[in-house]
There are 2 protein chains.
Amino acid sequence: MSLEAAEPLPRKRRGRATIYDIAQRAGVNPSTVSRALTRPGRVSEETEARIMQAAKELGYRANPAARALPTGRTRTLALLVADITNPVVFDIIRGAERSAAAGGYTLVIAESQESGTEESSVLDRLLPAVDGFVLAMSRLDDEAIREVASTSPVVLVNRRVDCVESLVPAFEAGIAELVAHLADLGHRRIAYLDGPAQSWTSARRWEAIRDAAAERGIEAVEIGPGEPTLDGGAAQLGAVLESEATAAVAYNDVMAIGLLRAATAAGIAVPGRLSVAGFDDIFGADFTTPQLTTVKAPLTELGEQAVRALQAIVADEEPERHEPLPSTLIVRGSTGAPAR
Amino acid sequence: MSLEAAEPLPRKRRGRATIYDIAQRAGVNPSTVSRALTRPGRVSEETEARIMQAAKELGYRANPAARALPTGRTRTLALLVADITNPVVFDIIRGAERSAAAGGYTLVIAESQESGTEESSVLDRLLPAVDGFVLAMSRLDDEAIREVASTSPVVLVNRRVDCVESLVPAFEAGIAELVAHLADLGHRRIAYLDGPAQSWTSARRWEAIRDAAAERGIEAVEIGPGEPTLDGGAAQLGAVLESEATAAVAYNDVMAIGLLRAATAAGIAVPGRLSVAGFDDIFGADFTTPQLTTVKAPLTELGEQAVRALQAIVADEEPERHEPLPSTLIVRGSTGAPAR
DNA sequence: TTGTACGCGTTATCAA
DNA sequence: TTGATAACGCGTACAA
């Protein structure tokens with residue numbers, strides 16, 4: 001080594017300490033440091049203490065990329081949603097983030113913009129970067145989902161596909177409560193506002209409502225499909241009135257609120273002339289006048305459990321099995337006795 | 001190698017193709033493949049075509065961890081928020097995610113749970129995993145933020161700190177509009193409901209309201225600080241009434257909605273006896289009756305621009321400078337002429 | 001219990 | 001223009 005010219009500083013030294021620095025300071029071999037850091041107990045107490053001390057003094061942080069290379073695990077999980085705009089996913093994100101952080105995992109959020117092909121490409125892009133996926137509101141068909149699941153750990157939320165870990169709340173209970181509530185109020189004909197045609201959830205909700213209504217001996221009619229938006233809900237007001245139903249249940253709260261507002265704007269009293277109910281109990285469902293009656297989905301818990309289950313699968317453990325999360329009826333002001 | 005017992009399948013072969021596979025198939029050296037893939041043009045057209053072809057056939061996806069190791073860049077950006085629960089951040093997340101995806105970056109969301117020390121620890125944990133941070137609603141003090149910024153690229157949202165890239169919308173214009181709107185309606189005394197004591201934004205908003213009021217020759221009084229929640233807003237109803245202000249502007253929409261509901265519940269007509277306005281125009285601000293008048297912050301655009309600026313800084317380019325994003329008054333039903 | 005040596009997939013620095 | 005070859009930081013058989 002001879003003369004060195006004054007190089008321009010190599011850009012803000014990436015001055016992070018490595019296990020080599022620790023090794024040197026603690027007077028041991030780097031591999032010993034690695035052992036002490038990854039699973040304490042494999043080295044003598046004394047050296048472990050020295051190593052930990054040195055690590056702390058140097059402010060050591062493991063380099064995740066370097067760690068991922070030999071192990072193949074990135075300790076990163078991805079949450080895929082169809083539409084970040086959708087308030088339903090906010091709560092799922094919240095739960096997912098919390099349990100990822102609790103497990104020492106990093107959570108990546110990605111959006112498929114309601115498009116199946118976009119979803120595939122996102123999945124593909126993220127595949128080498130993460131240890132697994134939580135698919136919330138996937139727009140892929142069952143076969144495509146199974147294929148993803150055969151490549152990488154996957155947990156499905158709000159949908160059931162054979163051979164894939166799925167997390168679906170037991171909304172039947174909440175729906176039964178809702179239908180009973182409406183029947184008790186005196187309603188004899190309930191309209192269900194369908195969500196998007198491809199929505200697995202919407203189809204299940206309709207079936208459950210139909211069954212619950214049949215059991216109660218009242219009528220249920222299906223209207224739609226429609227966009228799961230304020231406008232999508234508002235757009236169905238005419239159809240609801242034509243159906244002569246006295247109560248309308250929408251695929252989700254956003255549609256329900258759209259319908260509620262359209263009704264109010266049209267001079268139709270809620271719940272006086274029309275009762276309205278939704279699903280999910282999203283943020284803002286209690287902002288309306290009257291406040292919205294809704295079947296609350298345990299969204300935050302769903303996000304939490306999904307990520308926990310995914311962590312288990314990634315770690316090659318059996319995910320805990322619990323009872324499906326219950327959905328519950330929240331009665332607020334938008335449902336009441338029908339006009340007669 | 002002698003006899004091998006029937007091992008359980010070596011767990012779903014991590015069968016991803018590498019540049020070595022491509023190299024072999026294309027009959028070139030791995031380093032050539034790397035060149036062709038990272039910045040086309042450094043190899044002959046012919047071999048580049050062969051390499052691309054082989055890559056496509058093998059379904060090659062670069063391994064981000066392996067790529068990050070020598071380069072030190074992960075092509076991952078972090079968005080830190082104080083509270084995922086806060087609807088304001090939903091829109092920021094949305095914008096951030098979109099421009100991250102557009103730039104080929106992966107976005108990590110992390111939450112500091114309204115705690116400065118938690119924020120530091122999250123920052124610290126994420127530091128080696130990302131190329132930079134967007135800090136939205138940081139709870140750190142200026143000095144701490146500068147220190148982070150000296151270690152890693154940082155873009156600040158909704159706050160200004162010397163020497164750190166900051167993105168703050170020009171809410172003065174919207175506030176001036178709001179105050180003018182109220183003054184024109186006949187209000188002579190406006191109450192401002194402060195947010196959290198440490199909130200940089202809340203302090204700026206109060207100053208702007210005070211100044212705008214002074215300019216209009218009307219009074220402004222400060223109430224609080226308070227929690228930026230529904231309850232936090234509701235809790236101030238008494239103080240608002242005592243202040244004898246005829247209009248109340250809250251630090252944000254959530255507080256405003258809390259106040260609005262508390263007023264309505266207490267039989268105080270909005271806007272008949274009390275006008276209420278908020279900030280941000282969050283999801284649900286138009287669910288209330290009356291709908292909430294508010295100063296709309298360009299949250300989605302803020303998230304977008306923040307991530308774009310961060311990408312520029314990471315790439316060692318000068319971030320684009322635009323005019324600060326404008327905030328605008330959205331007049332809805334919750335403001336009206338004061339009772340006399 | 002600890003050290004040696006190699007590999008993970010890629011980029012980058014040399015030569016050729 | 002391309003091919004060797006050395007990092008990058010860490011985990012881990014294997015040997016001591």
Side-chain angles (χ1 to χ4, degrees), chain A residues 1 4 7 10-11 13-52 54-55 58-76 127-129 131, chain B residues 1 4 7 10-11 13-52 54-55 58-76 127-129 131:
Chain A
M1 200 114 326
E4 292 205 19
E7 291 289 341
R11 171 187 324 292
R13 266 293 282 142
R14 206 151 175 79
R16 282 210 119 1
T18 71
I19 55 171
Y20 290 86
D21 302 321
I22 299 178
Q24 188 171 9
R25 184 179 263 251
V28 295
N29 190 280
S31 63
T32 307
V33 175
S34 174
R35 278 186 282 256
L37 259 32
T38 48
R39 191 166 38 81
R42 185 89 186 99
V43 310
S44 85
E45 262 190 48
E46 189 205 358
T47 47
E48 180 173 323
R50 274 215 319 286
I51 288 172
M52 292 310 194
L58 292 167
Y60 172 78
R61 301 268 92 195
N63 179 328
R67 191 166 264 184
L69 207 39
T71 61
R73 348 207 87 154
T74 59
R75 293 201 69 81
T76 299
L127 198 55
D131 292 345
Chain B
M1 200 115 325
E4 293 205 17
E7 291 289 341
R11 168 184 332 290
R13 266 289 285 141
R14 207 160 173 72
R16 281 211 125 354
T18 72
I19 55 172
Y20 288 86
D21 302 321
I22 299 178
Q24 186 171 10
R25 184 180 264 250
V28 294
N29 189 280
S31 61
T32 305
V33 176
S34 173
R35 277 188 284 257
L37 257 32
T38 50
R39 190 165 38 80
R42 185 90 186 101
V43 310
S44 85
E45 261 189 49
E46 188 206 358
T47 46
E48 180 172 322
R50 272 214 320 284
I51 289 171
M52 293 309 194
L58 292 168
Y60 172 78
R61 300 267 92 196
N63 178 328
R67 192 167 261 184
L69 205 40
T71 62
R73 351 207 82 156
T74 58
R75 292 201 70 81
T76 300
L127 199 56
D131 293 345

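Along DNA chain D, the nucleotide nearest B:Ala66 and the nucleotide nearest B:Thr47 are compared for position; the residue whose nucleotide lies closer to the 5' end is B:Thr47. Along DNA chain C, the nucleotide nearest to A:Arg42 and the one nearest to B:Leu69 differ in position, and the one closer to the 5' end is contacted by A:Arg42. Both B:Ser44 and B:Pro70 sit near DNA chain D, but only B:Ser44 has its closest nucleotide nearer the 5' end.
Here the C1' atom of nucleotide D:dG11 and the CZ atom of A:Arg75 are 14 Å apart, to the nearest Å. In this structure, the CZ atom of B:Arg73 is 19 Å from the P atom of C:dT10, given to the nearest Å. Atom CG in B:Asn63 sits roughly 14 Å away from atom C1' in D:dG9 (whole-Å rounding).
A donor-acceptor contact shorter than 3.5 Å is absent between the side chain of A:Thr74 and the backbone of A:Ala68.
Atom OG of A:Ser34 is separated from atom CZ of A:Arg67 by 7.5 Å, given to the nearest 0.5 angstrom.
Contacts of B:Ala62 with the nucleic acid, taken as non-hydrogen atoms under 4.0 Å apart, involve only primed sugar atoms and P, OP1 or OP2.
Counting heavy atoms from C-beta outward, B:Arg16 and B:Asn63 have side chains that stay 4.5 Å or more apart. Between A:Leu37 and A:Ile22 the shortest side-chain heavy-atom distance falls below 4.5 Å. Looking at heavy atoms from C-beta onward, A:Arg61 lies out of side-chain contact with B:Leu127 at the 4.5 angstrom threshold. Between B:Tyr20 and B:Val33 there is no side-chain heavy-atom pair separated by less than 4.5 Å.
Across residues 18-37 of chain A, A:Val28, A:Asn29, A:Ser31, A:Thr32, A:Arg35 each have a non-hydrogen atom less than 4.0 Å from an atom of DNA chain C (numbered order).
One finds no side-chain N or O of A:Arg67 lying less than 4.0 angstrom from the OP1 or OP2 phosphate oxygen of D:dG9.
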